[in-house]
Amino acid sequence: MLQFKFLGILMGVAIRTKKPLDLHLAPLVWKQLCCIPLLLEDLEEVDLLYVQTLKSILHIEDSGITEDNFHEMIPLDSFVGQSADGKMVPIIPGGNSIPLTFSNRKEYVERAIEYRLHEIDRQVAAVREGMSWIVPVPLLSLLTAKQLEQMVCGMPEICCDVLKKVVRYREVDEQHALVQWFWQTLEEFSNEERVLFMRFVSGRSRLPANTADISQRFQIMKVDRVSSDQLLIRISY
């Protein structure tokens, strides 16, 4: 739990300093951080097969399954279900000793969904506690999940148009042929290659969602010690 709290501190720092983190969290995590209630569709985004399995149990009579042959088709005999890490766990206290039957399958499905939707509540609370050390957490409820993700992680796509807005030229004109070739090459890069370029010039792999928050700029400059047709790109602090 201390590690989750520390993650929250890092996320708060990312928001406060506008230095995005390259985090890849499930959409439902961002919703929980914003205190947005989760829906079945949120679980489907991360574990579609499990949700489909639960739906098939709920409507199993549509497949001609009755109470007599229920256990022949369903390899479960108690209120246990699959957790996010793939382990079989009780979905309610004492679930191991509660038999799953044809008649209580609806309750089983409801409990299984409820368990999965609230499975990481404690971890999310720890992250929010860590964030509270840096930013006013109650204000997160005013954001959408997407807005919070962008504040913490910035934009996943490195756009050349944005880079052109934050570049500085020194002793070289932006219309110089070599500069034009540079931008043409960068535009031909895949996003993964542009991410590597950003790491080279700034040590970061994400840009803030708001261009105005980009305080660290890179320079394209001509260096006296190299020939007239050479350019050097370096970071500007």
Side-chain angles (χ1 to χ4, degrees), residues 1 3-5 7-8 11 21-129 131 137-138 140-153 155-157 190-192 209:
M1 299 307 293
Q3 291 177 329
F4 284 108
K5 188 182 297 184
L7 174 61
M11 293 168 71
L21 297 174
D22 189 9
L23 291 179
H24 302 272
L25 303 179
L28 61 82
V29 175
W30 298 108
K31 289 187 69 172
Q32 286 184 283
L33 288 172
C34 293
C35 295
I36 300 174
L38 298 181
L39 305 173
L40 181 60
E41 290 75 12
D42 298 312
L43 181 57
E44 284 183 312
E45 283 190 274
V46 296
D47 200 341
L48 177 60
L49 181 59
Y50 184 65
V51 173
Q52 290 177 336
T53 300
L54 292 177
K55 287 182 177 179
S56 66
I57 294 176
L58 181 61
H59 303 292
I60 199 168
E61 72 279 2
D62 296 340
S63 302
I65 306 301
T66 65
E67 187 171 2
D68 296 332
N69 58 0
F70 178 75
H71 284 293
E72 295 177 10
M73 303 303 298
I74 302 300
L76 296 171
D77 55 8
S78 61
F79 272 51
V80 297
Q82 190 178 58
S83 64
D85 60 2
K87 297 179 180 178
M88 298 302 293
V89 297
I91 57 177
I92 57 175
N96 284 317
S97 59
I98 301 176
L100 169 60
T101 65
F102 183 84
S103 59
N104 68 6
R105 69 189 188 283
K106 180 179 179 180
E107 180 186 0
Y108 170 83
V109 171
E110 291 174 350
R111 296 285 190 167
I113 293 173
E114 183 77 6
Y115 173 81
R116 285 296 299 270
L117 291 180
H118 297 281
E119 184 177 12
I120 60 171
D121 283 358
R122 290 178 61 247
Q123 290 82 355
V124 169
V127 173
R128 281 176 59 89
E129 182 181 352
M131 295 179 71
V137 165
L140 297 184
S141 60
L142 302 177
L143 302 174
T144 66
K146 191 65 176 179
Q147 288 172 332
L148 177 59
E149 182 179 7
Q150 289 182 350
M151 290 180 68
V152 174
C153 301
M155 302 302 292
E157 297 289 328
S190 66
N191 188 65
E192 289 74 18

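Distance check, rounded to the nearest 0.5 Å: CD of E61 to CD of E67 gives 12.5 Å. Atom CD of Q82 sits about 6.5 Å away from atom CE of M88, to the nearest 0.5 Å. Note that the CG atom of L117 and the CG atom of L40 stand 7.0 Å from one another [nearest 0.5 Å]. To the nearest 0.5 Å, atoms CG (L140) and CG (L148) are separated by 5.5 Å. How far CD of E149 is from CE of M155: 9.5 Å, rounded to the nearest 0.5 Å.
The shortest non-hydrogen separation linking E119 to S83 is OE2-CB, 3.0 Å. Of all heavy-atom pairs spanning Y50 and G81, the tightest one is OH-CA, 3.9 Å. Pairing each heavy atom of L54 with each of V109, the nearest pair is O-CG2, 3.5 Å. The two residues L23 and M11 make their nearest non-hydrogen contact at CD1-CG, 3.9 Å. Nearest heavy-atom pair, A145 versus I36, reported as atom, atom and distance to 0.1 Å: N-CD1, 4.0 Å. Looking at every heavy atom in both residues, M131 comes nearest to V137 through C-CG2, 3.8 Å.
A donor-acceptor pair is defined here as one N or O able to donate and one able to accept, closer than 3.5 Å; no such pair exists between the side chain of R116 and the backbone of I91. One N or O on the side chain of Y108 and one on the backbone of V80 form a donor-acceptor pair closer than 3.5 Å. A donor-acceptor pair is defined here as one N or O able to donate and one able to accept, closer than 3.5 Å; no such pair exists between the side chain of D42 and the backbone of A26. Side-chain atoms of H118 do not come within 3.5 Å of backbone N or O of L38 as any donor-acceptor pair. When atom types are taken as modelled, the side chain of Q147 and the backbone of T144 share a donor-acceptor pair closer than 3.5 angstrom.
The local environment of CZ in F70 is crowded, with over 12 non-hydrogen atoms from other residues, nucleotides or ligands closer than 6.0 Å. Counting non-hydrogen atoms of other residues, nucleotides and ligands closer than 6.0 Å to CE of M73 gives a total of 12 or fewer. For CG of D77, the number of neighbouring non-hydrogen atoms (other residues, nucleotides, ligands) closer than 6.0 Å is 12 at most.
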Open item on the list: Between I120 and L28, does the side-chain contact (heavy atoms from CB on, under 4.5 Å) criterion hold? Intermediate values first, please.
Closed with: CA-CA 10 Å; I120 60 171; L28 61 82; 4.1 Å; yes
TODO: Take F79 and E107 through the side-chain contact (heavy atoms from CB on, under 4.5 Å) test and state the conclusion after the steps.
DONE: CA-CA 9 Å; F79 272 51; E107 180 186 0; 4.2 Å; yes
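Cation-pi contact between R105 and F102: present, with separation from the ring centre below 6.0 Å and deviation from the ring axis of at most 45°.
Looking at E45 and K31, no side-chain N of the basic residue comes within less than 4.0 Å of a carboxylate O on the acidic one, giving no salt bridge.
Side-chain atoms of I98 and R111, non-hydrogen and from C-beta on, never get closer than 4.5 Å to each other.
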